[in-house]
Amino acid sequence: MAAIDVDTLLPNGHVKELVAEGEMTQLTRGQAYADEGDTFEIDDETYQVTSVEEMTLGEMTDKDAQREGSANLDAYKKRLVRAHGGDFEWDDDADVVRHRFEPQ
């Protein structure tokens, strides 16, 4: 367990805002950016990474998308395409890492 820089896990200010507002409780990325038990801070609030799991994009559910701040999986897919400038193509077989976290 380590204290990590919030910028290591959360890629931008919008994502940090969603976490601080309680609208995002997980983030899926292409690789692991934290370990279970790691902590990070946003605006003097400490968050703990509660799980880090390898999975594929095809395993994601509407519930996962909602934990990431989207209404459902379709909205999440569209958000990823926008965030990556159209260079992103959803591939059900793509390996990703789901990071879940909660305030302490």
For this session: Sequence neighbours left out, what passes side-chain contact (heavy atoms from CB on, under 4.5 Å) with D95? Give chain and number order.
Result: T56
For this session: Tell me, please, which residues at least two apart from E54 pass side-chain contact (heavy atoms from CB on, under 4.5 Å).
Result: V97
Could you go through residues 9-25 and list every donor-acceptor pair under 3.5 Å that involves a side-chain atom there, pairing it with any protein atom two or more places apart or in another chain?
from	atom 1	to	atom 2	distance (Å)
N12	OD1	H14	N	3.1
N12	OD1	V15	N	2.9
K16	NZ	D7	OD1	2.2

For this session: For R67, check salt bridge (charged side-chain N to carboxylate O under 4.0 Å, His left out) against everything at least two apart and list the hits.
Result: D64
Exercise. Which residues satisfy the salt bridge (charged side-chain N to carboxylate O under 4.0 Å, His left out) test with E59, sequence neighbours excluded?
Worked result: none
Problem set entry | Set of side-chain hydrogen bond (donor to acceptor under 3.5 Å, both in side chains) partners for R29, sequence neighbours left out | none
Exercise. Taking only residues two or more places apart in sequence, or in another chain, which ones meet D92 in a side-chain hydrogen bond (donor to acceptor under 3.5 Å, both in side chains)?
Worked result: W90
Exercise. Checking side chain to side chain donor-acceptor pair (under 3.5 Å) against T28, which of R98, E53, E68 comes through?
Worked result: E68
Exercise. Can you list the other members of the hydrophobic cluster that holds M1, where links are side-chain heavy atoms under 4.5 angstrom apart?
Worked result: none
Tell me which donor-acceptor pairs under 3.5 Å the side chains of residues 30-47 have, and how far apart each pair is, sequence neighbours excluded?
from	atom 1	to	atom 2	distance (Å)
D38	OD1	A2	N	2.9
D38	OD2	D35	N	2.8

For this session: Look at the side-chain heavy atoms of Ile, Leu, Val, Met, Phe, Trp and Tyr, link any pair under 4.5 Å apart, and say whether M55 and F101 land in one connected group.
Result: no
